[in-house]
> 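Okay, here's the structure, questions in a sec.
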Amino acid sequence: MTEPTGQTAPAGTARPADDPTHAPAVTPGPKAKQTPLEQMGGMTGLVYSVLPIAAFVIGNSFLGLKAAIGTAIAVALAITGLRLVRKEPVYPALSGLFGVAIAAFIAWKTGSAKGFFLTGIWSNIALCAVFLLSVLLRKPLAGIVWGTLNGTGTTWLKDKPSRHYYDIATLTLVAVFAARSAVWQWLYDDDRTGWLAVARILMGYPLFGLALLVVLWAGRRSGRRMKVLAAQESAAQDPAGSRAAGPVRSGTTRTDFTPPPMPERAAVRDRSAARQGRQGR
């Protein structure tokens, strides 16, 4: 007769493995590294970066310069507060708020709406010069920034092909910064504030995203090469490591095992010793 189910196990008896109350603890894996896009706030961050500019242009068109400045700052503050409430990365919002505040201050001091875009022109001229100088100094900034964001360091500086990859990526960013500053300066000089805002949006993150693809390509090419070089250097530094660890085996047969002397050799030695003994007598 079968025992009824649902009985309580005696004290000291191990619970079955499928008992949900005694399920094995799951150790969380390592947290995945954020991509450069995620570190900038993701797609949401890209949208948020456009809103203060759009608010300034619309406000300037219908309400005047002072109202436009207040509208842009209010939108930037609202975005920062929304990120805090939703527990999203705050750094992109704070940097955006700081940039809007500086741009608004310059527009207020110059008394012109186009002054709102002066900081963008100046910053891109400076970035273009700095990144170009880094290539001339054989320390391309695209690789240094990439290594900092991804924790790979700057060991690639000793490898000429890796420097070549990051030279290409850095020069791509130089072209982006130069194009921005040239187009924006031209529109600024022609007092085309509306088109200046459009160019600021289109040549902002979208154009930077294209350059980021080149940086990603350089980072992956360099990363694969550095792994190969590290493996080759490790093998060169310890060429006898496998022999020191023990005999090399092929299947189950020891390849460095020395067989004992054959019985025939032992018999020859015994007969030679016996003859020498008889001669001595």
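The shown structure was predicted, so the numbers you read here are calculated from the model rather than taken from an experiment.
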> Hey, is the main chain of Gly120 close enough, under 3.5 Å, to the side chain of Ser123 for a donor-acceptor pair?
yes
> Checking Val57 against Phe62 for the side chain to side chain contact (heavy atoms under 4.5 Å, CB included) test, could you report, in this order, the C-alpha distance in whole Å, the side-chain angles of both residues, the deciding distance, and whether it holds?
CA-CA 9 Å; Val57 174; Phe62 294 96; over 6 Å; no
> For Phe56, which of Thr71, Ile73, Ile69, Val100 qualifies under side-chain contact (heavy atoms from CB on, under 4.5 Å)?
Ile69
> Side-chain contact, heavy-atom cut-off 4.5 Å: Leu216 with Trp146?
yes
> Do you know the tightest heavy-atom contact between Val214 and Ala169?
CG1-CA, 3.8 Å
> Might you point out which heavy atoms bring Ala107 and Leu65 nearest each other, and give the distance in Å?
O-CD2, 3.7 Å
> I want to check something: taking the side chain as every heavy atom from C-beta on, are Trp156 and Pro140 in contact at a cut-off of under 4.5 Å?
yes
> What is the distance from atom CZ of Arg180 to atom CG of Leu207, rounded to the nearest 0.5 Å?
6.0 Å
> Under 4.5 Å between side-chain heavy atoms, hopping through other hydrophobics if needed: is there a path connecting Ile168 to Leu141?
no
> Side chain of Thr170, backbone of Ala142: donor and acceptor closer than 3.5 Å?
yes
> Shared ILVMFWY cluster between Trp108 and Leu97, side chains joined below 4.5 angstrom?
yes
> Rounded to the nearest 0.5 Å, how far apart are CZ of Phe105 and OG1 of Thr119?
12.5 Å
> Can you measure from CG (Leu118) to CD1 (Ile102) and round to the nearest 0.5 angstrom?
12.5 Å
> I need the minimum non-hydrogen distance between Tyr165 and Ser222, along with the two atoms involved.
CD1-N, 3.8 Å
> Establish, yes or no, whether a centroid distance under 6.0 Å links the rings of Trp184 and Phe117.
no
> Would you compute the distance between atom CG of Leu132 and atom CZ of Phe177 and round it to the nearest 0.5 angstrom?
11.5 Å
> Do you reckon Trp186 sits in the same ILVMFWY cluster as Ile125, going by side-chain contacts under 4.5 Å, direct or chained?
yes
> Are Ile53 and Leu63 connected in a single hydrophobic cluster, I mean Ile/Leu/Val/Met/Phe/Trp/Tyr linked by side-chain heavy atoms less than 4.5 Å apart?
no
> After noting the C-alpha distance and the side-chain angles of Ile106 and Trp122, does the key distance pass the side chain to side chain contact (heavy atoms under 4.5 Å, CB included) rule?
CA-CA 12 Å; Ile106 295 176; Trp122 294 340; 3.9 Å; yes
> How far does CG of Leu157 sit from NZ of Lys139, to the nearest 0.5 angstrom?
7.0 Å
> Linking I/L/V/M/F/W/Y whenever any side-chain heavy atoms sit under 4.5 Å apart, do Ile58 and Leu196 land together?
no
> Surrounding CH2 of Trp217 (heavy atoms of other residues, nucleotides or ligands, distance under 6.0 Å), is the total greater than 12?
yes
> What are the two closest non-hydrogen atoms of Arg225 and Asp159, and how far apart are they?
NE-OD2, 2.6 Å
> Does the side chain of Leu51 come within less than 4.5 Å of Ile79's, by heavy atoms?
yes
> If you compare all heavy atoms of Ala68 against all heavy atoms of Gly59, which two are closest, and at what distance to 0.1 Å?
CB-C, 3.6 Å
> For the pair Ser234 (side chain) and Ala230 (backbone), establish whether a donor and an acceptor sit closer than 3.5 Å, ignoring hydrogens and angles.
no
> Identify the heavy atoms of Val75 and Pro52 that sit nearest to each other, and give their distance.
CG1-N, 4.0 Å
> Judged by atom type as modelled, is there a donor-acceptor pair below 3.5 Å linking the side chain of Lys114 to the main-chain atoms of Tyr188?
yes
> Find the distance between OG1 (Thr193) and CZ (Phe116) and round it off to the nearest 0.5 Å.
11.5 Å
